Amino acid sequence: MNYLELIQKTAVEAKDDLKNINSFSAAEDYRIKYLGRKGLISELFEKIALVPKEHKSQFGKELNSLKKELEHSYEELLSRFPKQKSAVFSEDLTLPGLKPNIGSKHIVTRTLDEIKDIFKSFGFITAEGPEVESDYYNFSALNFPEDHPARDMQDTFFVSQNLLLRTHTSPVQIRYMEKHSPPIRVIAPGRVFRNEAVSARSHCIFHQVEGLYVDRKVTFAELKGTLFNFAKLFYGKDVSIRFRPSFFPFTEPSAEMDVSCVLCKGKGCRVCKYSGWLEILGCGMVDPNVFKSVNYDPEEFTGYAFGIGIERIAMLKYGIDDIRILFDNDIRFLKQFIRI
Ligand code: DAH
């Protein structure tokens with residue numbers, strides 16, 4: 001047999017083998033037999049030294065083209081019988097799947113929703129106002145004197161000389177009264193901004209819910225009754241409540257409401273500074289000057305207003321001692337409050 005016949009014989013054999021291949025491992029055997037390091041093609045290449053000079057170049061050419069042909073058929077085999085992934089994990093259908101992270105309402109949103117629901121059941125509707133406010137709505141219309149310290153650059157983020165980021169939700173009182181006549185029973189939840197150093201106890205962004213009730217003959221007793229019931233519904237009926245006199249430019253008289261410390265149950269602890277009480281809101285009877293700025297007759301109408309700090313009451317309810325955690329969006333924190 002001459003050397004060229006050797007190449008043909010190998011070609012025929014490879015064609016025969018090819019017909020019987022029906023798996024990846026058979027394709028692998030085919031590769032090893034013909035194209036492997038010690039395979040038949042390599043063997044034939046080794047014989048090239050023995051081929052007579054005049055046939056050498058043809059032998060080389062034909063062997064090279066056979067090699068290419070076999071490589072091509074091997075690639076085709078691979079596309080028909082791809083390598084099976086050997087990793088056990090992807091094959092084991094009984095393995096538990098990866099749990100996706102489940103979204104849930106943030107506790108500030110949840111607290112806001114709870115407050116809205118309680119006041120809705122008292123007959124209050126919800127209104128909103130802009131976060132960028134004018135000096136007029138944020139201060140002047142609410143009876144802040146020109147030189148009141150709250151207008152100071154220290155507390156307020158000014159956008160321009162007359163525009164600022166609202167420092168409280170009280171301007172919504174004015175906006176709402178401008179557009180509606182009494183009786184008014186409205187709450188206004190929203191985000192507020194203060195130019196304060198961020199610490200465990202205070203943040204430069206937080207949320208409030210404003211409340212306003214205006215009608216003929218509204219009394220302080222009604223204010224107390226409403227806020228008393230709100231606190232009992234929110235914190236539970238065992239909570240004790242007290243009102244302390246206070247001052248706000250837009251209410252007269254003004255008060256602050258405390259609840260017995262929900263952490264130590266009034267015994268005294270670090271959170272309540274050993275007083276047994278926690279302040280949760282400011283309130284009072286609407287100042288006649290506020291009514292004047294919206295053209296309500298203070299002789300005819302009276303009303304009460306209140307402002308609740310959401311983060312503060314959420315922290316007390318859930319036992320959180322650093323307000324910054326509420327804004328970090330650390331998944332380890334958020335996961336603790338998942339409720340489906
Ligand atoms: N706006 C006050 C603040 O941010 C809270 C407040 C107090 C709102 C008394 C009221 C109120 O409506 O009557 O500190």
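All values derive from a computational prediction rather than experimental measurement. Counting starts at 1 for both ligands and their atoms, following the listed order. The figures here come from the full heavy-atom set of this structure, side chains too, leaving out hydrogens, waters and symmetry mates.
- One finds a salt bridge joining Lys317 and Glu114 here, because a Lys/Arg side-chain nitrogen approaches an Asp/Glu carboxylate oxygen to under 4.0 Å.
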Can you list the steps and then say if Lys217 with Glu300 is a salt bridge (Lys or Arg N to Asp or Glu O under 4.0 Å)?
CA-CA 8 Å; Lys217 298 194 172 73; Glu300 187 180 355; over 6 Å; no

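- For the residue pair Ser181 / Tyr296, no side-chain donor-acceptor distance below 3.5 Å is found, with atom types taken as modelled.
- Taking the charged nitrogens against the carboxylate oxygens, Glu46 and Lys38 have no contact shorter than 4.0 Å, which rules out a salt bridge.
- The protein heavy-atom contact nearest to atom 5 (C) of ligand 1 is Gly307 CA, 4.2 Å.
- Atoms of ligand 1 lying under 4.0 Å from at least one heavy atom of Gln208, given by number and element, are 3 (C), 4 (O).
- One finds a salt bridge joining Lys33 and Glu13 here, because a Lys/Arg side-chain nitrogen approaches an Asp/Glu carboxylate oxygen to under 4.0 Å.
- In this structure, the protein non-hydrogen atom closest to atom 11 (C) of ligand 1 is Phe250 CE1, 3.4 Å.
- Of all the atoms in ligand 1, the ones that sit under 4.0 Å from a non-hydrogen atom of Phe248 are 7 (C), 9 (C).
- If you number the atoms of ligand 1 from 1 as listed, the ones under 4.0 Å from a heavy atom of Gln173 come out as 12 (O).
- Annotation: atom 12 (O) of ligand 1 to nearest protein heavy atom, Glu210 OE2, 2.6 Å.
- Close approach of ligand 1 to Ser170 (heavy-atom distance below 4.0 Å) involves ligand atoms 1 (N), 8 (C).
- Polar contact check, Thr167 against ligand 1: no nitrogen or oxygen pair lies under 3.5 Å apart.
- Inspection of the Glu178 and Tyr137 side chains reveals an N or O donor paired with an N or O acceptor under 3.5 Å.
- Considering backbone and side-chain N/O of Ala305, one or more are found under 3.5 Å from N/O of ligand 1.
- The six-membered or imidazole ring of Phe337 lies near that of Tyr318, with a centre-to-centre distance under 6.0 Å.
- Counting atoms of ligand 1 from 1 in the listed order, those under 4.0 Å from a heavy atom of Thr251 are 13 (O).
- With ligand atoms numbered from 1 in the order given, ligand 1 contributes 3 (C), 4 (O), 14 (O) to contacts under 4.0 Å with heavy atoms of Arg194.
- No side-chain donor from either of Thr167 and Asp155 sits under 3.5 Å from a side-chain acceptor of the other.
- Shown in contact with Gly284 at under 4.0 Å from a heavy atom are these atoms of ligand 1, numbered in order with element: 13 (O).
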